[in-house]
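First up is the structure itself, then whatever we jot down about it.
Starting from 1, each residue takes its place in the sequence as its number. Both backbone and side-chain heavy atoms feed into the values below; hydrogens, waters and symmetry mates do not. It should be emphasised that the depicted structure is a prediction, and the values quoted were computed from it without experimental measurement.
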Amino acid sequence: MAAVAVVASPLPPHLAGVVPTEGGPAGYAGSESCRDCHQDAFNSWHRTYHRTMTQYPTRGSVKARVDGVVLTNSGVRYRLGSTGDVFKVWLESVAGGGEPVESRLSLVTGSHHMQVFWMPGEDGNVQVGFPFTWLIPEGRWVPRHATFIRPPGTAHSAEVWNVACSRCHATAIEPRVDASRRTVETRAAELGISCEACHGPGERHVNARRKDASRSKDAPLPAGEILHPAKLDAVRSTETCGFCHSMKWIDRGEPWRQNGFRFRPGDRLGDTTPLIRPRTAGQVPGLKEFLARNPGVLAEYFWPDGMARVSGREMNGLVESKCFEGGKLSCVTCHSMHDADPDDQLTRKAQGNAACITCHGAYASKEGLTRHTRHAEGSAGSDCRNCHMPHTTYGVLGAIRSHQITRPTAAETVEQGRPNACNVCHLDRPLSWTARQLNAWYGQPVPKGLGPEHEVAEAVRLALSGDAGQRALTAWHLGWDPAVKASGAPWIPPILAVLLDDDYAAVRCIAGRSMERMAPGLAAGFRFEEDPDARDAWTPRVWKAWREGLPKDAALPEATRVRAVEPDALAARLAPLRAARDERPVRLRE
C-alpha cells in the first residue's frame, strides 16, 4: 500500500521558501490523518495551547495588533501593517537615511500568555526573532528583552527559531543546518505540538488501519504500531513528556542540528539526551567538563539544592520526588491533552486532593486531612498541592507549581533561598513564626541561621531584600488570591509599589499585574517596560494614593513593619530592608 500523504497546515503562498516546512521525517503522517478515527481526541487536542505552539501568522492565529503600529528598538524603527494574511514589517533607521527595508512576520510562537514573532533571516529558511513581544493579558507590544529575568543592561542577543526554540515548539524538528555551505533547510513533521509528538510516528498505524478498515478501534494493536503514553510505565511515560519539559544534556556527538533528535516517544530519554540532575551531573560524560568551564550555568535553572527554579523543567523536579521513585506517579497522573482544561491541562481526577489520596488514603477523610494539615477542610491550607507543590518556579512572567514534591520547611528558605509553602500563603508572617509552627506541629528542628531579618514578614523581606528571582515570585504571591485571603490586603499595595521601580523589567511586570488585582487603578498608566531611571518613581505616588484611600480603622499586621502609613515614615521603616537587597546579577533561563 502506498505511504500516507502528509496533511499539513496550509503554507501561505507568500511564505513559501522562507519558512520551515511541514512534512518532515519518514514515518510521520500528520495530525489530520488522526481525525477520521479519533474525532473526539482530535478536537480536544485542537483546543490546547500545545497545538498553537508555533504557527504560520494568519488572521486566525495572530492575536497582536499590527496595522498602524510603529515600534522602536536599538535605533531601528519597525512599522507594521497587513493585507489579508500577509503581515509586513518595514525597518528603518531612527537617525534617518536610506530606504526602509521590507520584511514580514513569518512565524508566531505562543497563544496563551504571549506571542513571539519571527522574521526571515538571510540563510535558507532561518527565522530570527522580532525584537518585540505581544503580551496577551496587557494587549500591547513590549520589547522582547523586557520579558526575561536577566541583569538590566544585558544586550539582547538575536534568537534563531530553527535551533533555539524549535526543539520544544514543533514536532520532530529537523534543523538541517549545513555550516559549511551556510544553508538552513529546516523542516518538521508539524509546527506546534501535534498528535505524533506524544504518540510517535503514525504512518504505520494509519496505513494498517486503512488496510484493515473493518478492524475494531478497541481491538489490541500490534506492538510498536502506535504508542499511548498512559499505557507506558511511569518512567517511559514521563520521558515522553520530558523530551520537552526538562533540561537535558545534548552531547556534541548528537548531530541534532543536522538530522534532528533520534528520540521517539517510548524511547529511553537518557540514551540520546540524558536528564541533567545537579546532584549527579558529574556522572554524565561531557557534562562534568562543560560545567567546569561554565560554573554558573546551573544557577540559571536550579535552586542551590538542585530543585528546578524555572518553568519547562518539570521532569527534572518530578524525578527527584519520592512519589515518582515509587514507580506510580507520572505526568499523565495529573495531566491530559484530552480530558482537561487547556489552561493547565489538569484532568478532572487531579482537581483538589483526588490524585494524592489515591496513594495517601489516610487523608481521604475530613478528620485525617485536618489532623495532618492543621487547616480547615476546603481551605487553601488543606490543598495538598499548596503545601507540597508550592509556586516556587518562575516562568512566563509569573509563578508555577514546583513539580518536585516536598514538604514545607523553614530551612529551605534559610539555606537555599527558596520561598517556602507556608510563607508564600501567610505573607504577613515572618520566617521565625513558620519555624516555630513547623516545630510544634511536626517536630521539625528550628533551623540555624535565623536572624533579626527573619522577624519581618517574609514576603516583605523577600520583596525588598531578595534577589531578582525571589522578588518576582514574591510579587506574584502578593496578588495570589489564597495568600491575600490568608494574610489580609490593606498592607500589600505599598510593598508592590516598591517593586514597580525594580531594576528588572520582569519583576516590574509581575508587580504591576498584582497591583492591578489588589488595588485597581492605584497605579493607572504604569508601564513596566519603561526604564525606571528615565521616568519619575512610582513608589512615592502610589504610597500617597494608597494612604489617602486607606480606611481609618485598617489594621496592618505588625510583622509587616509597615504600620507607619505616612509616606515619609513608611519610607524610613522600609529603608533598611531595601538597603539590604541582594544585588547579585540574576539570569533565569526558561
request  = To the nearest 0.5 angstrom, please state how far the CG atom of L105 sits from the NZ atom of K88.
outcome  = 12.0 Å
Qualifying residues under side-chain contact (heavy atoms from CB on, under 4.5 Å), relative to D531, sequence neighbours excluded = D533, A534
ask   = Parallel, tilted or perpendicular for F130 and F132, by the 30°/60° rule?
value = tilted
remark   = Between D503 and E583, the two heavy atoms sitting closest are OD2-OE1, 4.4 Å
key: Salt bridge present between D467 and R309 (N-O < 4.0 angstrom)   = yes
message = Distance check, rounded to the nearest 0.5 Å: S74 atom OG versus H145 atom NE2?
response = 6.5 Å
Under the side-chain contact (heavy atoms from CB on, under 4.5 Å) test, residues paired with A486 that sit two or more places apart = C425, H426
task = Mark yes when over 12 heavy atoms from residues, nucleotides or ligands other than R584 sit less than 6.0 Å from its CZ; otherwise mark no.
result = no
task = Indicate the ring-plane relationship of W141 and W134, choosing parallel, tilted or perpendicular according to the 30° and 60° boundaries.
result = perpendicular
Partner set under side-chain contact (heavy atoms from CB on, under 4.5 Å) for L462, not counting sequence neighbours = P419, E458, Q470, T474
inquiry  = As an exercise, state the distance from CG of D502 to SG of C509, rounded to the nearest 0.5 Å.
reply    = 12.0 Å
task = Step by step, work out the side-chain contact (heavy atoms from CB on, under 4.5 Å) result for R418 and D305.
result = CA-CA 10 Å; R418 184 173 56 252; D305 61 355; 3.0 Å; yes
ask   = Do other residues, nucleotides or ligands put more than 12 heavy atoms under 6.0 Å from R374 CZ?
value = yes
ask   = Which pair of heavy atoms, one from G395 and one from S311, lies closest together, and at what distance?
value = CA-OG, 3.4 Å
ask   = Tell me, do L80 and F117 make a side-chain contact under 4.5 Å, heavy atoms counted?
value = no
message = A cation-pi test, strictly: NZ or CZ of R513 under 6.0 Å from the centre of the six-membered ring of F528 and no more than 45 degrees from its axis. Yes or no?
response = no
message = Check whether W538 forms a cation-pi arrangement with R541 (NZ or CZ under 6.0 Å from the six-membered ring centre, at most 45° off the ring normal).
response = yes
message = Under the side chain to side chain donor-acceptor pair (under 3.5 Å) definition, can you give me all pairs with a residue in residues 62-73, not counting sequence neighbours?
response = D67-S82
SB check E453 R461 (cutoff 4.0 Å) = no
query = Given side chains that start at C-beta, do those of Y56 and D85 come closer than 4.5 Å, heavy atoms only?
reply = no
query = Under the ring pair (Phe, Tyr, Trp, His ring centres under 6.0 Å) test, which residues partner Y49, sequence neighbours left out?
reply = H112
task = State which residues pass salt bridge (Lys or Arg N to Asp or Glu O under 4.0 Å) with R51; sequence neighbours excluded, sorted by chain then number.
result = none
